[in-house]
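Chain A is the first sequence line, chain B the second, and so forth, proteins listed ahead of strands; every chain is numbered from 1.
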2 protein chains.
Amino acid sequence: MAETAREIAEELRERIRSGALRPGARLPGEPALVKEHGVAKETARRALMLLVSEGLAVRRKGSGTYVREFQPIRRVANKRLSAEGWGAGQSIWSADVGDRPMQVTDLRVYETAAPDDVARVLGLDDGAEVVVRDRLFKVEGEPVQSATSYLPSDLVRGSAITQEDTGPGGTYARLAELGAKPVRFVEELRSRMPSREETERLRLSEGTPVVEIYRTALTEEGRAVEVNRMLLDASVYVMEYRITG
Amino acid sequence: MAETAREIAEELRERIRSGALRPGARLPGEPALVKEHGVAKETARRALMLLVSEGLAVRRKGSGTYVREFQPIRRVANKRLSAEGWGAGQSIWSADVGDRPMQVTDLRVYETAAPDDVARVLGLDDGAEVVVRDRLFKVEGEPVQSATSYLPSDLVRGSAITQEDTGPGGTYARLAELGAKPVRFVEELRSRMPSREETERLRLSEGTPVVEIYRTALTEEGRAVEVNRMLLDASVYVMEYRITG
DNA sequence: AAGTGGTCTAGACCACTAG
DNA sequence: TAGTGGTCTAGACCACTTC
């Protein structure tokens, strides 16, 4: 009787780790904890919130608090380098749920002045115009990733890249036709907690970080022709990179 | 007067985003918010905790709440592929603080039964022995990353890999001498909130995710000879990958 | 309607930090 | 020692979900 929020959380954490409470299972609610441990409702609440902020649990208003489930989507950066000595079935986080279909929604195409950092990477003057392609990816109706591409207006003006439908082969095929075929890519990743807006856009539950990826596409000559900023729901993704020494 | 915790947080968030409150600056404390907004202390506290859980602020007991600073370390997975068309100065998150020296601490080398997932990736039988090399990396005295390598005991027994000092060229040079030179690597990354133990080991402040990386080293023939599990303080790292289409 | 979480209050006591 | 954060209580009212 009469424990602290941390102690109650530790007990529940242990029950989750041991498997006594499986993913998706319902945790004892606030009233139950109040009774069992003889604490105030706020204290019980804090115990549960601790698990939520650790990403271990998810709260559903009016329903209960549940052990979080993790069924990742695998994002393989270099799909091209397939088979050939890379073995099979040797991934740490099971391949799982084999390629669920992904829908593209909320596509918007427009033109603006390039943000400072993007302008710098693309080697553009301050305030130069870029074509922006912004979209949201969903799996089973749930948003899992947003992506915003920036391309120099001077380069892509007049091509299908400025249309909603970029045609067969997509943006990169059009860039190739413009004599700016991307052949190398740099991805810079960072993980952090989301802002309020990001939480809403990706419908994140509390305790969920995001992964922010900037992908720069380079031509044979080393010219940067596209910057793509992606924001991933970290509770849903495993990123894979293949590196040749 | 009389706002909610969310509203007070939003106001402070705005002050941070606008730059009125710079990184490292001190936020108004609980008593100040109580006075300014006419709310209870707990409400003021919740407003500040919201910013903390978003990774925007850091609390220092007895001192105050401060706007978080982000000065990343750049981790370039494929260092080998340098220069050559990859351009320079074109990174999104500034290269910064140019390679601060990193110390290796808490090195432990021992042998045990391989964890299930590691055994599977290394293609070992259940319960097969592995040599484990565990270490902690620090920058300016602060832990930023832990790394745990697993190598099949049958392969590395008798080599310097089982010693604390692996000799010139390190583990990979020794593996090459054993006829198991790693030439390809697969990195699988995931980001999530840390467990309590991880928070302590990396001395993470609240609202800080971790990045978990499993790096598998493969020989020319595609044999997995090492699995390295790294855990990074996400508030400190930017990961970079270079991909050839 | 009963049960769940969401939020707030007004007060208490403690531990740590800084001058 | 004054100021800051850390934690807890006992109660209140609301909104949502489930049946």
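In terms of position on DNA chain D, the residue among B:Glu206 and A:Ala44 whose nearest nucleotide sits closer to the 5' end is B:Glu206.
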Return all side-chain donor-acceptor pairs below 3.5 angstrom for residues 106-119 of chain B, not counting sequence neighbours, or 'none' if the list is empty.
{"from": "B:Glu111", "atom 1": "OE2", "to": "B:Ser153", "atom 2": "OG", "distance (Å)": "2.7"}
{"from": "B:Glu111", "atom 1": "OE2", "to": "B:Arg157", "atom 2": "NH1", "distance (Å)": "3.2"}

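If you measure from atom NZ of A:Lys35 to atom C1' of C:dT4, you get 14 Å, rounded to the nearest angstrom. The distance from atom NE2 of B:His37 to atom C1' of C:dC8 is 16 Å, rounded to the nearest whole Å. In this entry the distance linking CZ of B:Arg59 with P of D:dG3 reads 18 Å, nearest Å. Distance, A:Tyr66 OH to C:dG5 C1': 11 Å, rounded to whole Å. Atom-to-atom, CZ of A:Arg46 to P of D:dA10 comes out at 13 Å; the value is rounded to the nearest Å. Going from atom CD of B:Glu30 over to atom C1' of C:dT9 covers 15 Å, rounded to whole Å. Going from atom CG of B:Leu50 over to atom P of C:dC8 covers 9 Å, rounded to whole Å. To the nearest angstrom, C1' of D:dT9 lies 16 Å from CD of A:Glu3.
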Pairwise N/O distances under 3.5 Å, protein to nucleotides 11-16 of chain C:
none

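Here A:Tyr214 pairs with B:Trp93 under the ring-ring contact (aromatic ring centres under 6.0 Å, His included) rule; sequence neighbours left out. Under the rule for a ring-ring contact (aromatic ring centres under 6.0 Å, His included), A:Tyr150 has no partner lying at least two apart in sequence or in another chain. Applying the side-chain hydrogen bond (donor to acceptor under 3.5 Å, both in side chains) test to B:Thr216 and every residue at least two apart in sequence or in another chain returns nothing.
Contact check, A:Thr65 against C:dG5: a side-chain N or O comes under 4.0 Å of OP1 or OP2. Using a 4.0 Å cut-off, no side-chain N or O of B:Arg60 falls inside it from OP1 or OP2 of D:dT4. Distances shorter than 4.0 Å separate none of the side-chain N or O atoms of A:Thr43 from OP1 or OP2 on D:dT7. Between A:Arg45 and the phosphate of C:dG6, there is a side-chain N or O to OP1/OP2 separation shorter than 4.0 Å. Here A:Arg6 does not reach the OP1 or OP2 of D:dG6: none of its side-chain N or O atoms lies under 4.0 Å away.
In the model, A:Glu7 has no side-chain atom that pairs as donor or acceptor with a side-chain atom of A:His37 under 3.5 Å. In this model, a donor atom of one side chain and an acceptor atom of the other lie less than 3.5 Å apart for B:Arg68 and B:Ser205. No side-chain donor-acceptor contact under 3.5 Å links B:Arg17 and A:Ser195.
In the set C:dA10, D:dA10, C:dG5, the nucleotide with an atom closest to the side chain of A:Leu48 is C:dG5.
Checked by atom type and distance alone, the side chain of A:Asn78 never pairs as donor or acceptor with a backbone atom of B:Ile243 at under 3.5 Å.
A salt bridge links A:Glu198 with A:Arg229: the closest approach of a Lys/Arg side-chain nitrogen to an acidic carboxylate oxygen falls below 4.0 angstrom.
DNA chain C contains the following stems of three or more consecutive Watson-Crick or G-U pairs, with both distances under 3.5 Å: C:1-18 with D:1-18.
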